[in-house]
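Taking it in order: structure first as structure tokens, then the write-up.
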There are 2 protein chains.
Amino acid sequence: MSEVFKALSDPTRRRVLELLRSTPMSAGEIGDHFSFSQPTMSAHLSVLKQAGLIEGEKVGKQIIYCLKMSVLEDALMGFAKTFGLGRDEDARAGAPSSAAKEIKP
Amino acid sequence: MSEVFKALSDPTRRRVLELLRSTPMSAGEIGDHFSFSQPTMSAHLSVLKQAGLIEGEKVGKQIIYCLKMSVLEDALMGFAKTFGLGRDEDARAGAPSSAAKEIKP
DNA sequence: TAGTTAAATAGCTATATGTCTATTTATGAG
DNA sequence: CTCATAAATAGACATATAGCTATTTAACTA
């Protein structure tokens with residue numbers, strides 16, 4: 001959980017995830033979208049992989065990374081649900097706080 | 001955006017947010033739930049405030065902090081929507097990827 | 001005016017992070 | 001086997017983070 005949010009706290013890594021949203025991509029292809037050095041990008045990919053947000057598969061001499069959407073979803077939505085966010089689902093305990101939902105007078 | 005995720009990447013700060021979910025609370029009351037020093041807690045609150053996730057109002061010699069649910073919601077859900085998460089709303093561009101949604105053959 | 005209390009700030013330390021260059025490892029091509 | 005290429009690892013450095021103790025600031029109380 002902490003590792004996911006930590007991974008998401010860097011704009012470069014968020015952009016990597018967005019890239020991978022459209023299609024899996026090799027480390028090199030990902031790197032082409034940025035101006036950092038190859039090892040720097042490798043480190044960013046490592047953080048994302050450590051958080052479980054991406055997965056790499058070796059194909060020839062490249063490593064193809066793909067987004068693990070389910071992990072992103074579980075972390076983000078799971079946390080959101082704790083706060084009663086994410087859908088029309090009321091959080092079962094605690095406070096309704098901000099947005100009004102007084103539909104049952 | 002980065003600041004929000006960075007703030008969320010620490011478990012202590014996530015617990016603070018959960019505490020404030022039920023009711024606003026003074027810095028001291030918040031600190032009572034943890035075993036860190038007063039200045040350490042003050043620093044955590046400062047990070048959360050910087051990210052816009054909480055707001056403090058001085059009342060007497062205390063500062064009452066409250067959760068800014070809308071900021072949390074905007075950051076979390078806004079980012080989620082980028083990935084087509086968060087509701088039955090299709091992300092308009094990119095990949096459907098993980099969970100199937102092939103309702104229109 | 002002192003004294004007490006709540007919280008922030010200052011200053012310190014150890015560890016983590018983001019970046020780089022240089023090197024290593026692994027794979028494919030000749 | 002040698003060379004070229006893709007990516008990871010090693011090592012260095014500057015900055016950021018999380019924690020602490022000690023101090024300061026702000027506000028109430030006697």
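Every chain is numbered from 1 and lettered A, B, ... according to where its sequence line falls, protein lines coming before strand lines. Everything quoted here is computed from the prediction, not taken from an experiment.
For Tyr65(A), a side-chain nitrogen or oxygen approaches OP1 or OP2 of dA8(D) to under 4.0 Å. The phosphate of dA7(D) (OP1 or OP2) has a side-chain N or O of Ser26(A) nearer than 4.0 angstrom. Remark: His44(A) is in phosphate contact with dT19(C), judged by side-chain N or O atoms under 4.0 Å from OP1 or OP2. For the OP1/OP2 pair of dT17(C) and a distance below 4.0 Å, the side-chain nitrogens and oxygens of Lys6(A) include at least one atom meeting the criterion.
Atom P of nucleotide dG18(C) and atom CG of Leu8(A) are separated by 12 Å, given to the nearest angstrom. Rounded to whole Å, atom C1' of dA7(C) lies 12 Å from atom CE of Met41(B). Rounding to whole angstrom units, CG of residue Leu45(B) and P of dG19(D) are separated by 12 Å. Following rounding to the nearest Å, Glu57(B) (CD) and dA7(C) (C1') show an atom-to-atom distance of 15 Å. One can place CZ of Phe34(B) at 14 Å from P of dA18(D), the figure rounded to the nearest angstrom. Nucleotide dA18(D) holds its C1' atom 17 Å from the CD atom of Gln50(B), rounded to whole Å. The distance between atom CD of Gln62(B) and atom P of dT5(C), rounded to the nearest whole Å, is 13 Å. When rounded to the nearest whole Å, the span between CZ of Phe36(B) and P of dC20(D) equals 7 Å.
Listed by first then second residue, pairs satisfying side chain to side chain donor-acceptor pair (under 3.5 Å) with a partner in residues 43-60 of chain A read Arg13(A)-His44(A), Glu55(A)-Lys68(A), not counting sequence neighbours. For the ring-ring contact (aromatic ring centres under 6.0 Å, His included) condition, no pair includes a residue of residues 50-74 of chain B, sequence neighbours left out.
In this view, Lys6(A) satisfies the salt bridge (Lys or Arg N to Asp or Glu O under 4.0 Å) rule with no residue, not counting sequence neighbours.
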Report, one pair per line, the protein and nucleotides 21-30 of chain C atoms (nitrogen or oxygen only) whose separation is under 3.5 Å.
none

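Under the 30°/60° scheme for interplanar angles, the aromatic rings of Phe79(B) and Phe83(B) are found to be tilted.
Other cluster members for Ile64(A): Val59(A), joined by side-chain heavy-atom distances under 4.5 Å among Ile, Leu, Val, Met, Phe, Trp and Tyr. Cluster partners of Val47(B): none. The rule joins Ile, Leu, Val, Met, Phe, Trp and Tyr whenever side-chain heavy atoms lie under 4.5 Å apart, and it links nothing here.
If you check the side chains of Arg14(B) and Ser2(A), you find a donor sitting under 3.5 Å from an acceptor.
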